[in-house]
Amino acid sequence: GSMSQNFGRHPHGFYALMEMVRDWVKTLPLSGEKAVVGVNSAAGSEKLRVALVQFSGHPEFFTSGEIVNSVAFPPVGVGAGGRLTGDLTELSADVDWHEANYLEAGTYIEKALVRAGSIFKTSSPVDGRKRVLIIITDGQIQDEDKLAAARKDLDGMDVQTFGIVVRRTDQLTANDIAAEASLKPITSDPHDDHFLNLMIDEIPEKALNGICDPNGPWGHLIVDQAAIAAQTQSQQAGVHRPCPNYGDKVPCSADMGC
């Protein structure tokens, strides 16, 4: 969504959110893989890759009745070029590009979901990574009646879809309730487990930072519980494995679209 209003201490919600994303990716167990064209991960790949896609819309501009400018991502040659990457330098460049190319109006998401599907299709189905999509908006989705095909495509690839509605105050407004009603049905089942309604400063602690924590609100749905159990058995046997902040590099292995 546009997120152009002030959110508490943040004069502009979109830029505050992008800086949170910039800080968040620095904490992730990234794979180190750079973005490339085509299916770009092999069996046995570990750790995370991330892609960033911006959605919005300008309903005042129409071409043959279709809304334009409702999805944005860096061109090839800039950052990850709208593709998955496990390289922090590319992700930082992506954040820079999004901050410089902000879509200012509307909450149209169909093209962004289609783009997310295209991104996930470059992730090898045999590399062991889970596919995770996080949708963040502050407004009601305005094309929710056009999302069935894109949603079905994501489900067909076993993409776990999470949603966050960002509210401006600690009190729910009619706008927050409308946004929640439109976003929650797009998330994976059970919807209540894949959805959060948060103030902007709550997003890191209550959603993003726990994405690799098997005890976190979403981490328990993403992290490979079987791998965690195997790791625990190894530790009990006196075998210590790496990445203590995330349990292990294998359990938190995913491709994420945000």
Side-chain angles (χ1 to χ4, degrees), residues 1-8 10 12-14 16-18 20-21 51-62 65-73 98 102-120 131-157 159-203 206-208 211 217-218 221 256-258:
S2 64
M3 295 194 65
S4 59
Q5 305 175 80
N6 70 70
F7 283 73
H10 305 287
H12 198 291
F14 176 77
L17 179 62
M18 293 312 299
M20 287 181 186
V21 169
L52 303 177
V53 174
Q54 185 183 164
F55 66 89
S56 189
H58 294 273
E60 66 270 26
F61 298 128
F62 288 86
E66 183 168 344
I67 296 164
V68 297
N69 294 331
S70 59
V71 62
F73 46 87
H98 281 289
Y102 165 53
L103 297 179
E104 296 183 6
T107 310
Y108 295 84
I109 196 173
E110 180 189 14
K111 289 184 178 179
L113 291 185
V114 171
R115 177 63 188 177
S118 297
I119 290 171
F120 285 122
R131 293 164 172 170
V132 178
L133 175 64
I134 303 173
I135 304 170
I136 303 175
T137 184
D138 71 329
Q140 181 178 0
I141 293 172
Q142 295 165 284
D143 57 353
E144 55 186 309
D145 59 331
K146 299 180 179 180
L147 305 181
R151 179 67 262 175
K152 183 178 180 180
D153 192 37
L154 292 169
D155 286 342
M157 291 185 284
V159 175
Q160 283 187 281
T161 302
F162 297 85
I164 300 173
V165 164
V166 187
R167 64 180 189 270
R168 298 180 65 198
T169 70
D170 58 0
Q171 300 295 319
L172 283 175
T173 65
N175 180 69
D176 299 328
I177 294 170
E180 179 170 332
S182 65
L183 177 57
K184 187 181 285 189
I186 301 171
T187 64
S188 297
D189 288 323
H191 300 309
D192 285 343
D193 290 349
H194 290 78
F195 176 84
L196 291 168
N197 193 319
L198 301 172
M199 293 181 64
I200 196 165
D201 285 328
E202 295 177 316
I203 293 174
K206 294 188 177 181
L208 299 182
I211 209 75
W218 288 349
L221 299 169
M256 293 188 178
C258 304

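Between the side chain of Asn175 and the backbone N or O of Asp138 there is at least one donor-acceptor pair closer than 3.5 Å. Side-chain atoms of Gln142 do not come within 3.5 Å of backbone N or O of Tyr108 as any donor-acceptor pair. Under a 3.5 Å cut-off, the side chain of His98 and the backbone N or O of Leu52 do form a donor-acceptor pair.
Annotation for Ala16 and Ile200: closest pair CB-CD1, 3.9 Å, computed over non-hydrogen atoms. The two atoms that bring Leu198 and Ile203 nearest to each other are CD1-CA, 4.0 Å, heavy atoms only.
Among residues two or more places apart in sequence or in another chain, the side chain to side chain contact (heavy atoms under 4.5 Å, CB included) test is passed with Ala72 by Gln54, Trp97, Leu103. Scanning for side chain to side chain contact (heavy atoms under 4.5 Å, CB included) contacts around Ala150 gives Leu113, Val114, with sequence neighbours left out. With sequence neighbours excluded, the residues forming a salt bridge (Lys or Arg N to Asp or Glu O under 4.0 Å) with Asp155 are Arg151, listed by chain and number. In this view, Arg115 satisfies the salt bridge (Lys or Arg N to Asp or Glu O under 4.0 Å) rule with no residue, not counting sequence neighbours.
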Can you check side-chain contact (heavy atoms from CB on, under 4.5 Å) on Leu133 and Phe120, steps first, answer last?
CA-CA 9 Å; Leu133 175 64; Phe120 285 122; 4.2 Å; yes
Could you give me the CA-CA distance, side-chain angles and deciding distance for Met20 and Asp201, then say whether side-chain contact (heavy atoms from CB on, under 4.5 Å) is met?
CA-CA 9 Å; Met20 287 181 186; Asp201 285 328; 3.6 Å; yes
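Applying the salt bridge (charged side-chain N to carboxylate O under 4.0 Å, His left out) test to pairs two or more places apart or on separate chains, those with a residue in residues 170-182 are Glu180-Lys184. Residue pairs meeting the ring pair (Phe, Tyr, Trp, His ring centres under 6.0 Å) criterion with at least one partner in residues 160-194, sequence neighbours excluded, are Phe162-His194, Phe162-Trp218.
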